[in-house]
Structures are given as C-alpha cells and as structure tokens.
Amino acid sequence: MPELPEVETIARDLASALIGQKVLKAEFLNTAIRENCYTREETDLNGKTINRISRRGKNLIFHFSENLAMVCHLKMTGRLLVDSDRSRDNKHLHFFMRLDKSDLSFYDVRKFGRICITAESELNQHPRLSKLGPEPFDITPAEFTDIVKRRSKSIKLILLDQEILAGLGNIYADESLYSAGIRPTLKPYRISRARLEILHGSIIEVLDVAIGNRGSSVDDYLDGFGQAGNFQNLIKVYGKTDQACPGCETPIKRIILGGRSTHYCMKCQK
DNA sequence: GACAACCTGACC
DNA sequence: GGTCAGGTTGTC
C-alpha cells in the first residue's frame with residue numbers, strides 16, 4: 001500500500017502526536033507480524049520515551065530513549081493509527097502500544113506488514129534498512145544518472161528496486177516515468193543522460209506534490225489519524241487503463257513488468 | 001527476467 | 001470460479 005509519500009505523511013502525523021510520550025505497555029496481538037530479525041522484546045519498550053519518528057524508504061522508524069528502536073513496514077495493507085476505535089476492527093489489529101496520553105494501533109488485513117524491535121545502535125545492521133539505496137532527495141541528477149546507468153534491467157524495474165533507490169513503488173514509478181516522457185520498458189543504455197536527469201527531477205516533483213497532498217488513497221491507505229490522502233485525484237496514468245492520456249487523449253496502455261501492472265501512454269512516452 | 005509465495009478482500 | 005491489489009523475498 002504505502003510508498004514514500006504515504007509513509008512520510010504517517011511519520012509526520014505520528015511525530016506530531018506521539019513525540020515525548022512514554023510507553024506504558026506495548027504488545028503483539030499476533031506475533032506473525034514480528035520480524036524475525038528482532039533483537040529486543042516489546043516489553044523492553046515499557047517506560048521508554050519516543051524521542052523521534054523517522055522514515056527511510058518505505059520504513060517507519062521509532063526512536064526511543066535508552067537505545068531502543070522499532071522499525072515498521074506496512075507492505076500492502078498495513079496501517080498505523082493514533083487513538084483508533086479498536087472496537088470497530090480488532091480482527092486485523094496485530095500490535096498495540098499504550099502511551100501516556102495516546103495509543104498506537106497497527107492493523108493489517110493481509111498480514112504482510114512487519115514490526116521489528118531492536119537497538120538504536122543496531123539499526124545499521126537491520127537486514128532491510130542496511131541494503132536500501134539512497135533517498136531520491138539525497139542525490140543529485142548526475143548521481144541518479146550514474147546509479148541508473150550501471151544497471152541493465154528496464155527503467156521501471158530499476159525505479160522499483162529498493163536497493164537501487166529507496167521509496168518508489170508502483171504508483172510513483174509509473175507517474176514519474178509519465179512525467180518525464182520515458183517508456184517504462186526502456187533500458188538505461190537507450191536513455192540519454194539528459195533524459196535521466198529529467199527523470200530524477202520528475203521523481204522529486206511527483207513525490208513532493210504527493211507529500212503535499214498527504215499521499216494517495218487508491219484503495220486502503222489512511223494517514224496516522226485515519227484520514228484519506230488526496231493525490232489519487234492527481235494521478236495521470238496509474239490504474240487508468242484505456243482512459244484518455246491527459247496530454248494527448250491516446251488510451252493509456254497496461255502491460256506487466258516484473259509481475260507488476262505498468263501504465264503508460266505510447267504516444268507521450270518514448 | 002518470470003513466477004510463486006506470503007494473506008485477505010473486493011469485484012466480475 | 002477467476003482476477004486483481006501502493007510490497008518484498010526466494011527459487012528456477
């Protein structure tokens with residue numbers, strides 16, 4: 001479900017509500033969602049204070065006092081909600097944390113999401129975090145081009161690969177390629193450096209606008225307070241199969257790349 | 001690369 | 001009954 005803009009929105013929401021609060025009790029209601037790389041127990045969080053909440057790629061990271069951290073990945077249908085009404089849905093509630101003044105619930109219909117409790121000082125060894133590529137905002141267009149040019153697979157699959165670039169998922173990969181006028185199937189050796197630098201700018205712009213609109217609620221996504229985002233109203237090609245391209249009216253084409261639906265305009269994207 | 005697996009629910 | 005889903009991982 002959530003990609004970089006959605007996770008960023010949730011991180012900011014949770015930070016605004018929960019920073020400075022102390023954990024009274026943290027518990028897994030379903031240990032299947034506990035990541036097997038954990039090095040600390042949920043009970044270790046009791047009495048600790050949330051100092052900071054950050055994002056890395058699509059991961060949310062809670063930083064507690066006394067060298068404790070918690071890494072959350074929402075995968076497709078995970079939700080982290082402040083003060084949710086648990087009586088409405090406790091079937092899909094898998095983790096719960098009571099704090100001084102609020103509580104935090106982790107829901108996930110499909111149970112793909114994961115939570116890992118570890119030491120702050122061990123975050124750099126976390127199996128997923130340690131392999132992530134750079135954040136799109138942290139590199140220059142030239143650096144982005146260098147990274148992409150080293151790879152041989154199609155540009156869409158490169159954008160989706162979290163070890164190459166962190167944070168893009170299916171919606172924002174399709175939207176960025178549309179904005180840059182690049183066909184998703186192209187391999188980097190067929191794309192000029194100038195066009196790849198434009199693509200980097202498109203990625204930054206699409207992500208910035210999506211963050212400004214609090215993410216895309218295409219299906220399940222809700223922010224930290226249970227509210228939908230707005231970017232789904234600004235999507236140009238993702239999920240728009242057979243609908244008119246906003247630029248030229250040509251019907252949007254859908255193909256499968258790497259097992260994922262891929263949407264593009266065959267006239268605007270060369 | 002393609003494909004199945006992990007799960008559940010929505011929709012045709 | 002079949003298809004599809006904002007993700008990731010592991011296996012031919």
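The model shown is predicted, which means the values in this text are computed figures rather than measured ones. Computed from heavy atoms alone, side chains included, the values below leave out hydrogens, waters and symmetry copies. Order of the sequence lines fixes the chain letters, A, B, ..., with proteins taken first and strands second; residue numbering starts at 1 for each chain.
Between A/L132 atom CG and C/dT9 atom C1' the separation is 14 Å, expressed in whole Å. What separates NE2 of A/H73 from C1' of B/dC7 is a distance of 16 Å, to the nearest Å. The distance between atom CG of A/L168 and atom P of C/dT8, rounded to the nearest whole Å, is 11 Å. Nucleotide C/dG7 holds its P atom 13 Å from the CG atom of A/N59, rounded to whole Å. The nearest whole Å value for the distance from the CG atom in A/L60 to the P atom in C/dG7 is 15 Å. Nucleotide C/dC4 holds its C1' atom 12 Å from the CG atom of A/N170, rounded to whole Å. Here the C1' atom of nucleotide C/dG7 and the CZ atom of A/R114 are 11 Å apart, to the nearest Å. Between A/L157 atom CG and C/dT9 atom C1' there is a gap of 15 Å when expressed in whole angstrom units.
When each of B/dG1, C/dG7, C/dA5 is scored by its nearest atom to the side-chain atoms of A/K153, the top-ranked nucleotide is B/dG1. Comparing C/dA5, C/dG6, C/dG7 by their nearest atom to the side chain of A/S261 picks out C/dA5. Listed nucleotides C/dG6, C/dT8, B/dC7 differ in distance to A/D219; the shortest reach to its side chain belongs to C/dG6. Considering only the side chain of A/K75, C/dT8 comes nearest among C/dT8, C/dG6, B/dT8.
Close to B/dG9, at under 4.0 Å from its OP1 or OP2, lies a side-chain N or O of A/H92. Residue A/K58 places at least one side-chain N or O under 4.0 Å from the OP1 or OP2 atom of C/dG7. Within the 4.0 Å cut-off from OP1 or OP2 of B/dG9, at least one side-chain nitrogen or oxygen of A/K91 is found. Residue A/R254 places at least one side-chain N or O under 4.0 Å from the OP1 or OP2 atom of C/dA5. OP1 or OP2 of C/dG6 has at least one side-chain nitrogen or oxygen of A/Y238 nearer than 4.0 Å. Using a 4.0 Å cut-off, some side-chain N or O of A/Q162 falls inside it from OP1 or OP2 of C/dT8. For the pair A/K111 and B/dG9, the criterion of a side-chain N or O lying under 4.0 Å from OP1 or OP2 is not met. In this model, the phosphate group of C/dT8 is not approached by any side-chain N or O of A/R260 to a distance below 4.0 Å at OP1 or OP2.
A cation-pi contact, defined as under 6.0 Å to the ring centre and within 45° of the axis, is absent between A/R79 and A/Y107.
Between the C1' atoms of C/dA5 and B/dG1, the separation comes to 22 Å (whole Å). C/dT3 sits 13 Å from B/dC3 when the P atoms are compared, rounded to a whole Å.
Remark: A/E6 does not engage A/R214 in a salt bridge, criterion side-chain N to carboxylate O under 4.0 Å. Salt bridge A/E27/A/R98: absent, no basic N to carboxylate O contact under 4.0 Å. The residues A/D103 and A/R86 are annotated as salt-bridged, a charged nitrogen and a carboxylate oxygen being separated by less than 4.0 angstrom. Taking the charged nitrogens against the carboxylate oxygens, A/K156 and A/D161 have no contact shorter than 4.0 Å, which rules out a salt bridge.
Stacking of the aromatic ring of A/F112 onto the base of B/dC6 is found: the ring centres lie under 5.5 Å apart and the planes are inclined by under 30°.
A/K131 comes within 4.0 angstrom of no nucleic acid atom, judged by non-hydrogen atoms across all strands. Among the protein residues, A/G113 comes within range of no part of the nucleic acid, since none of its heavy atoms lies under 4.0 Å from any strand. Counting non-hydrogen atoms under 4.0 angstrom, A/G259 reaches nothing in the nucleic acid. When heavy atoms are screened at a 4.0 angstrom cut-off, A/V109 is found touching the sugar-phosphate backbone but no base atom.
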Q. Going through the checks in order, is the ring pair (Phe, Tyr, Trp, His ring centres under 6.0 Å) test met by A/Y238 and A/F231?
A. CA-CA 11 Å; A/Y238 175 82; A/F231 193 79; over 10 Å; no
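Within a 6.0 Å radius of CZ in A/R190, no more than 12 heavy atoms belonging to other residues, nucleotides or ligands are found.
Annotation: of the two residues near DNA chain C, A/E163 and A/R110, the 5′-most nearest-nucleotide partner is A/R110.
Using Watson-Crick or G-U wobble geometry with both donor-acceptor distances under 3.5 Å, B/dC7 finds no partner in any strand shown.
In textbook terms, a nucleotide whose glycosidic angle is within 90° of 0 is syn, and C/dG6 is one such case.
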